There are 2 protein chains.
Amino acid sequence: MPARRAVNYACPIRDVLDRIGDAWSLLVLIELRNGPCRFNALRRVIDGISQRMLSVTLRHLERDGLVTRTVLPLAPPQVEYALTPMGQSLIETVEPMRLWAEINQNAVRESRAAFDAKLAQMA
Amino acid sequence: MPARRAVNYACPIRDVLDRIGDAWSLLVLIELRNGPCRFNALRRVIDGISQRMLSVTLRHLERDGLVTRTVLPLAPPQVEYALTPMGQSLIETVEPMRLWAEINQNAVRESRAAFDAKLAQMA
DNA sequence: CAGCATCCTTCCGGATACTG
DNA sequence: CAGTATCCGGAAGGATGCTG
């Protein structure tokens, strides 16, 4: 999507949404708020995530400097993921949105139902 | 992706991200902050959006009660889109994230560059 | 344990053509 | 003007199998 990219790059907030807008990144960040966590532990607690997507997601987050990845010199090897200060601060900015979602989720649901009902009625 | 949905439904904030996380919704909402706007006017000002995606995006936003769609009884027909109070309030919750993006965009860029450099070096 | 590589399906979204 | 309908290519992502 070449056209979209042009827009993205012009808008810094798109960078953020491209990261936490995907299905899993935010869930991973939120989970890491409870403290450092290992790969398979994350996988167990984030219900429904595939190994591949957890891997990809963590790599993205690490690349962006939102989480750290530390390999513990053990056998069997252990890898611990943790929030960086930047990752921590990002999560906090999402809080207003989370509040909005809680407050308005019923209104949104009702709006959708009304919209769908009107559509069905026309058909 | 059945597993993912299970997670979505459990987390209200995922509903929000599913709406404004896509490429265009947020841009449309932001544009409408300047006041009501017509279809092709939006299309012109939102660089790179296709007619199809603008149509789809507006429909979603309308369904969720974030924008209104009013048909003016004219010839040729005119349709005006405008923010609802709920849409307005949603945009405002994004402001902290936008600020974060501005403040941290350099740090993120540097982190990415460092990450990529380290990868290239290993190969 | 913590992943990467591959295959294969699904689905998003652009291009195009047509309507009220 | 403001869309809808159809087609189609490319990317996202699940499943599976294999490594250090």
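Chain letters run A, B, ... following the sequence lines, proteins first, then strands; residues in each count from 1. Just so it is clear, the structure is predicted and the values come from calculations on it, not from any experiment.
Computed from C1' positions of five pairs at each end, the angle between the two local axes of the helix from dC1(C)-dG20(D) to dG20(C)-dC1(D) equals 50°, rounded to 10 degrees.
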side-chain contact (heavy atoms from CB on, under 4.5 Å) between Leu83(A) and Leu66(A): does it pass, once the steps are laid out?
CA-CA 6 Å; Leu83(A) 278 186; Leu66(A) 300 175; 5.9 Å; no
Which is it for Leu29(B) and Val67(B) under the side-chain contact (heavy atoms from CB on, under 4.5 Å) test, yes or no, and what are the steps along the way?
CA-CA 8 Å; Leu29(B) 289 178; Val67(B) 308; 3.9 Å; yes
Determine, stepwise, if the pair Thr57(B) / Leu27(B) fulfils side-chain contact (heavy atoms from CB on, under 4.5 Å).
CA-CA 10 Å; Thr57(B) 300; Leu27(B) 291 176; over 6 Å; no
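The CG-P distance, from Leu54(A) to dC1(C), rounds to 14 Å in whole Å. Remark: C1' of dC12(C) and CG of Asp18(A) are 15 Å apart, rounded to the nearest angstrom. Atom CE of Met53(A) is separated from atom P of dG3(C) by 15 Å (rounded to the nearest Å). One can place CZ of Arg44(B) at 7 Å from P of dC1(D), the figure rounded to the nearest angstrom. Going from atom CD of Glu80(B) over to atom C1' of dG3(D) covers 16 Å, rounded to whole Å. To the nearest angstrom, C1' of dC12(C) lies 13 Å from CH2 of Trp24(B). If you measure from atom CD1 of Ile46(A) to atom P of dA2(C), you get 13 Å, rounded to the nearest angstrom. Per the geometry, CD1 belonging to Ile49(A) stands 12 Å off P belonging to dG3(C), to the nearest Å.
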For residues 69-82 of chain B, run the donor-acceptor check on the side chains, cut-off 3.5 Å, and write out each pair with its distance to 0.1 Å, sequence neighbours left out.
residue, atom, partner, partner atom, Å
Arg69(B), NE, Tyr81(B), OH, 3.2
Thr70(B), OG1, Glu80(B), O, 3.3
Gln78(B), OE1, Arg38(B), NH1, 3.3

Listing, residues 109-123 of chain A side-chain donor-acceptor contacts under 3.5 Å, not counting sequence neighbours, or none:
residue, atom, partner, partner atom, Å
Ser111(A), OG, Arg63(B), O, 2.7
Ser111(A), OG, Gly65(B), N, 3.0
Arg112(A), NE, Asp64(B), OD1, 2.6
Arg112(A), NH2, Asp64(B), OD2, 3.1
Asp116(A), OD1, Arg63(B), NH1, 2.8
Asp116(A), OD2, Arg63(B), NH1, 2.5

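Near DNA chain C, meaning a heavy atom under 4.0 Å away, the residues from residues 66-79 of chain B are Pro77(B).
Using a 4.5 Å cut-off on side-chain heavy atoms (C-beta onward), Met97(A) and Leu17(B) make contact.
The phosphate of dC1(D) (OP1 or OP2) has no side-chain N or O of Arg38(B) nearer than 4.0 angstrom. A sub-4.0 Å separation between OP1 or OP2 of dG3(C) and a side-chain N or O of Tyr81(A) is present.
The two residues Arg98(A) and Glu102(A) come nearest to each other via the heavy atoms NH1-OE2, 2.8 Å. In terms of heavy-atom proximity, Asp22(B) sits nearest to Arg14(A) at O-NH2, 3.1 Å. Taking all atoms of both residues into account, the shortest heavy-atom contact from Phe39(A) to Leu54(A) is O-CD2, 3.5 Å. Residues Ala107(A) and Met86(B) share a closest heavy-atom pair of CB-SD, 3.7 Å.
In this view, Glu31(A) satisfies the salt bridge (charged side-chain N to carboxylate O under 4.0 Å, His left out) rule with no residue, not counting sequence neighbours.
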Check nucleotides 4-10 of chain D against the protein and report each pair of N or O atoms closer than 3.5 Å, with its distance, or say if there are none.
residue, atom, partner, partner atom, Å
dT4(D), OP1, Arg59(B), NH2, 2.5
dT4(D), OP2, Ser55(B), OG, 2.5
dT4(D), O4, Gln51(B), OE1, 3.2

